[in-house]
*Asks:* 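Take this structure first; my questions come after.
Note that ligands are numbered from 1 as they come in the structure, with each ligand's atoms numbered from 1 the same way.
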Amino acid sequence: MKIKTSFILVMAFLMIILVAGCKKAGQPAEVAAQEFQWQIDQFADLRVMRYQVPGFDELPLDQKQLIYYLSEAALCGRDIITDQNYKHNLTIRRTLDAIVEGYKGDRTNPNWENFMVYTKRVWFSNGIHHHSSTDKFIPEFTADYFATLIKESEGVDDDLIAFLQPIIFDPAVDAKKVSQDSSKDLVTHSAVNFYENVTQEEVENYYKSISDKDDLTPIWYGLNSRVVKKNGKVKEEVASIDGLYGPAIEKIIYWLEKAAGVAENDQQKQVIDKLIEYYRTGDLEKFDEYNILWLNDVDSRVDFINGFIEVYSDPMGIKGSWESIVNFKDLAATKRTDTIAANAQWFEDNSPIDPRFKKKEVKGVTAKVITAAMLGGDAYPSTPIGINLPNANWIRKNHGSKSVTLENITYAYDQASLGSGFGEEFSYSEEILERAKKYGSQASNLSTDIHEVLGHGSGQLLPGVVYESLKNYHSPIEEARADLFALYYIMDDKMVELGLLPNLDAAKANYDSSLRNGLMTQLRRIELGKTIEQAHMRDRALIAYWVYDKGKPENVITKEVKDRKTYFVINDYLKLRQLYGELLAEVQRITSEGDYEAARDLVESYGVQIDQELHKEVIERFSKLNMAAYGGFINPIYTPVVENGEIVDIKVEYPTDYVKQMLRYGKDYSFL
Ligand code: ZN
């Protein structure tokens, strides 16, 4: 599971004092944060930033090499995610790349600019559907202009004109990557490339027929495959070196083998070897074995994710999108998550949920703060700020989970957003604004940690209940569960007792920002007239609107209008905490019992619909701030320094050209 940027925008303005003063001892000495160019491009609703990799230069050579090899493996899967997102994405991306490289006509007119915006958006989303809303975005140039570009570009086949025009320009063709509309067939209404020629019912029947209900340690059926119907027969195409995505997987294996050769220790070598075995065979039993080995590798400094992992892009919640993140531990900041993890059992025991749903023994919650060194696949350029894996429930229950917070990424977000005026615009009072400046960042980091380290790992399912019971409502409910765990506990005296917060005013800052985000500010990411679809956004809306609604009789939260601007003001923080606790208990019950109807009612009642007037107002207020709604990152470049045939060092650079990086990736890492 992953956590996306939530309260980060809220922290836009407050980092100078906190960060420069104490928190980030690890920023690279060579480039001061104020002089580093964090944001490098902005278009449509997107902005592209850079992140630094503080501490890389100080790592020993073999760890640098390990990061380098794993980074190459991370980049080799780019085509996989592009193809998974939509079956024509690779053809489209290659056509766009070729035009950018080879168009001989005028590059100074608005048409060309619009073409470049479209191309950058396709790169950003790894396809033609918006990475978050999953709607197909339509170019702001004509099909005729596109035809001209193709004809006047070297090395582009003219036949593509007729083929691509409806795919790119007709809004009705494959309009949605992931359909959430459960009144219709989720599979046939989704353009995502996990299924071909099959219906939702056929997919459900297929997995029913091959899965063993009594298996207490089941593989995640279908995680690394496509389901297709050929000659009337439903079958799976499995990703492996000889199967689906074989040529890309072969390259991934090549770099993983090099990485295994410089592993820090035997445990880590076993992890990498097992992953290679899994990629060679496509056998999901091996993937489970890999996950368990990976969980047990807690001593290594360098770590990575590489595989078919998160299932958000599958309307059925089965198929993993390919991603990779290479990272190493931020030793100083990890002390914070160590404290949380060490107290995991206390949090479980004192949680406000029904005792039947509590874990008697919380196992192996490991947590750390990491420095991301390379982002790949579904994690590039739009990246999570926290991750908790593995996703398989029985592994989590029997072996625990590993939780990470990507602190150099949140730091980059904060830096890039400085001085935007967001806090001034959306804070109801000076007191709230000051509190946010003082504590917002610290509380936000802590809440991400609790979400990942404790939230997802807490609770248990009743026997016989599987996570898939909640189907398309699984993700928002699961994210709400983790968010509520964090919201409930951040206002607990235990935070101060453990030294995680200086006082409960800091928790208030977190309540202010998270509630405001769920009730209004996150709406800026949605087009007018649309509903909320993204799982994390549904989760945040459902929490905020539920507590707003339930707190009405006692005025826990009131809506205030000042100078024709809407604010939601918390009047009773402790009562609000109690409401968070009540909702946590209900969401845990829904999860533990697999109560699909209750999940649907909760999400549909509170997490989907939008107040149109408020939506308009939010968009208008943000438009004055000129901050793109979504952010992503380009990667650093690692270059080996070779002397006498031996690598003696790895240099890291931070490029500033988004277009250049995308074109280079298109050339160097395209294997399908
Ligand atoms: Zn999460």
*Asks:* Hey, is Asp297 close enough to Lys402 for a salt bridge, meaning N to O under 4.0 Å?
*Replies:*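 No, no charged N to carboxylate O under 4.0 Å.
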
*Asks:* Nearest to the Zn ion (ligand 1), which N, O or S atom of Glu479 do we find?
*Replies:*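 Of all N, O or S atoms belonging to Glu479, OE1 is the one nearest the Zn ion (ligand 1).
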
*Asks:* So, Tyr439 versus Asn510: side-chain donor-acceptor pair below 3.5 Å or not?
*Replies:*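 Tyr439 vs Asn510: no donor-acceptor pair found between side chains.
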
*Asks:* Any ion pair linking Arg336 and Asp449 (charged N to carboxylate O, less than 4.0 Å)?
*Replies:*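 A salt bridge links Asp449 with Arg336.
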
*Asks:* Hey, is there an N, O or S on His536 sitting under 2.8 Å from the Zn ion (ligand 1)?
*Replies:*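 No, outside the cut-off.
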
*Asks:* State the atom name: nearest N, O or S atom of His456 to the Zn ion (ligand 1).
*Replies:*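 For His456, the N/O/S atom sitting closest to the Zn ion (ligand 1) is NE2.
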
*Asks:* Would you call Lys368 and Asp303 a salt bridge, using N to O less than 4.0 angstrom?
*Replies:*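 Salt bridge between Lys368 and Asp303, a charged N being under 4.0 Å from a carboxylate O: yes.
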
